[in-house]
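Written below as structure tokens is the structure these notes are about.
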Amino acid sequence: MMNLSTSQANHHSFILTGIPGMPDKNPWMAFPLGFLYTLTLLGNGTILAVIKVDQSLHEPMYYFLSLLALTDVSLSMSTLPTMLSIFWFNVPEISFDACITQMFFIHGLGGVESGVLVSMAFDRFVAIRDPLCYASILTHGVIGKIGIAVLTRAFCVVFPVPFLIKRLPFCHSNVLSHSYCLHQDAMRLACASTRVNSLYGLIIVILTLGLDALIILFSYVLILKMVLSIASRAERLKALNTCLSHICAVLLFCVPLIGVTMIHRFGKRLSPVVHTLMANAYLLLPPVLNPIVYSVRTKQIRRWIIHVFQGRKNRA
């Protein structure tokens, strides 16, 4: 029996799950998911185009926003192949190597997004603390170095994950619980001790997401302290208003993550459909909603979008 299991494990493939227990309903999700991916590309593409075209947006805050938009697009594209495979073509199988590759990009880009949000908090801190020297402090060179540091950290942290997964023997079920590959999801299917994987995963969460959350919180404590020291009420509101879009982006990243974690930890009796919906919302909603938030909150972006639509209407 063990030989049979080992033989099955050597096939190096996993079965992804669309809607748990209702595979016949998978096509129902095809068009809503397609709509979300289209919104992600259009929204983030618009943000990038406006920042490139509008010279008034060539400022540190908007360069960091460009990094966030690129990360959101990349994260969405990393899940797109398996989402299409399951919900559009009803092909849930994914090879072992393809699963590990997707796993690397999902976890890596999640780390990049967290790092970009920290960078944006630092940007708001500098802008409010020293507005006259803002552009001279956050020069193109400094922003480039911050971007490289964020990418390097994410790569170094996630780099061991494929090797930690590859060393494990898989001789149990090969059915994953999501429509994309995650380290913790694949790890639970192993038929050997996963203590090293679990410990490393915990360390990653603490040293990246946990530490980043503390830095962002500390940054806003300092920002709030500086804002309250401003004499003019109008100036206080203006300073806080520049932070609202970033606060919304942080909440869009953290709230689904906390929700997924809480459901995974305490929602054992909940329907698997709830787990799947929360896991998909965690990866799909922030890339859709971030550009909407920044389009609504940023006058130049909002004006450019209105101008484009009015131009098309006039031509029609």
Side-chain angles (χ1 to χ4, degrees), residues 64 67-68 70-72 74-76 78-79 99-126 138 142-168 178 180-188 190 192-223 246-266 278-279 281-283 285-287 290:
F64 286 122
L67 288 176
L68 182 65
L70 285 171
T71 305
D72 280 340
S74 301
L75 187 58
S76 294
S78 68
T79 60
C99 186
I100 286 180
T101 301
Q102 186 184 55
M103 186 187 303
F104 177 84
F105 279 105
I106 289 176
H107 290 297
L109 289 167
V112 171
E113 179 141 358
S114 180
V116 171
L117 291 173
V118 171
S119 304
M120 296 174 83
F122 175 68
D123 166 80
R124 292 298 82 210
F125 171 76
V126 174
L138 290 175
V142 171
I143 294 170
K145 289 175 183 176
I146 291 174
I148 292 171
V150 168
L151 289 171
T152 303
R153 184 193 72 159
F155 175 82
C156 292
V157 164
V158 179
F159 182 74
V161 169
F163 301 100
L164 289 174
I165 285 292
K166 275 198 166 187
R167 72 184 183 86
L168 295 174
H178 299 304
Y180 46 82
C181 295
L182 295 175
H183 172 248
Q184 60 269 31
D185 199 14
M187 179 182 69
R188 69 179 179 81
S193 174
T194 58
R195 186 176 299 174
V196 174
N197 295 65
S198 299
L199 182 60
Y200 188 74
L202 179 62
I203 292 171
I204 287 178
V205 170
I206 293 172
L207 293 183
T208 55
L209 301 180
L211 184 60
D212 289 352
L214 287 176
I215 293 173
I216 292 172
L217 180 62
F218 183 65
S219 298
Y220 274 101
V221 169
L222 295 178
I223 287 172
H246 177 252
I247 292 171
C248 289
V250 172
L251 291 175
L252 286 172
F253 180 77
C254 292
V255 171
L257 175 62
I258 293 170
V260 168
T261 304
M262 295 297 288
I263 284 179
H264 180 74
R265 178 68 180 84
F266 301 108
M278 283 300 300
Y282 162 60
L283 285 183
L285 284 186
N290 279 335

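Remember, predicted model here, so these are calculated numbers, not experimental data. Hydrogens, waters and symmetry mates play no part in the numbers below; they use all other heavy atoms, side chains included.
Taking the side chain as every heavy atom from C-beta outward, Leu182 and Ile106 approach each other to under 4.5 Å. Counting only heavy atoms from C-beta outward, the side chains of Val161 and Ile204 approach each other to under 4.5 Å. Contact check for Thr152 versus Cys156: side-chain heavy atoms found under the 4.5 Å cut-off. Proximity of Phe122 to Ile215: side-chain heavy atoms (C-beta onward) are nowhere separated by under 4.5 Å. By the 4.5 Å heavy-atom criterion applied to side chains, Glu113 and Leu67 are not counted as neighbours. Looking at heavy atoms from C-beta onward, Val150 lies in side-chain contact with Val116 at the 4.5 angstrom threshold. Arg153 is not listed as a side-chain neighbour of Val112, based on a closest heavy-atom distance of 4.5 Å or more. Two residues are said to be in side-chain contact when any heavy atoms from C-beta on lie closer than 4.5 Å; Leu257 and Leu209 meet this criterion.
Shown here for His183 and His107, the closest heavy-atom pair between the two residues is N-NE2, 2.9 Å. Of all the heavy atoms in Pro286 and Ala281, the pair that sits closest is CD-O, 3.5 Å. Taking every heavy atom of both residues into account, Leu75 and Gly110 meet most closely at CD1-N, 4.4 Å. Minimum heavy-atom separation, Ala186 to Met103: CB-CE, 4.0 Å. Of all heavy-atom pairs spanning Ala249 and Leu117, the tightest one is CB-CD2, 4.0 Å. Looking at every heavy atom in both residues, Gly108 comes nearest to Ala154 through O-CB, 3.5 Å.
Of the inter-residue distances, the one linking His246 atom NE2 with Leu251 atom CG reads 10.0 Å to the nearest 0.5 angstrom. Here CG of Leu222 is found 10.0 Å from CG of Leu217. Values are rounded to the nearest 0.5 Å.
Using bins of under 30°, 30° to 60° and over 60° for the plane-to-plane angle, the ring pair Phe155/Phe104 lands in the perpendicular bin.
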Report the C-alpha separation of Arg124 and Tyr220 in whole Å, then their side-chain angles, then the decisive distance to 0.1 Å, and conclude whether the side-chain contact (heavy atoms from CB on, under 4.5 Å) test is met. CA-CA 9 Å; Arg124 292 298 82 210; Tyr220 274 101; 4.2 Å; yes
Evaluate the side-chain contact (heavy atoms from CB on, under 4.5 Å) criterion for residues Asp123 and Ser119: first the C-alpha distance (whole Å), next the side-chain angles of each, then the deciding distance (0.1 Å), finally the verdict. CA-CA 6 Å; Asp123 166 80; Ser119 304; over 6 Å; no
In sequence, state the C-alpha distance, the side-chain angles, and the governing distance for Arg188 and Thr194, and then conclude on side-chain contact (heavy atoms from CB on, under 4.5 Å). CA-CA 8 Å; Arg188 69 179 179 81; Thr194 58; over 6 Å; no
Using side-chain contact (heavy atoms from CB on, under 4.5 Å), reason through Ser114 and Phe253 one step at a time and then give a plain yes or no. CA-CA 8 Å; Ser114 180; Phe253 180 77; 4.0 Å; yes
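Here the side chain of His178 pairs no donor or acceptor atom with the backbone of Ala279 at under 3.5 angstrom. Of the possible polar contacts, none joining the Asn197 side chain to the Met187 backbone as a donor-acceptor pair under 3.5 Å is found. Checked by atom type and distance alone, the side chain of Gln102 pairs as donor or acceptor with a backbone atom of Ser78 at under 3.5 Å.
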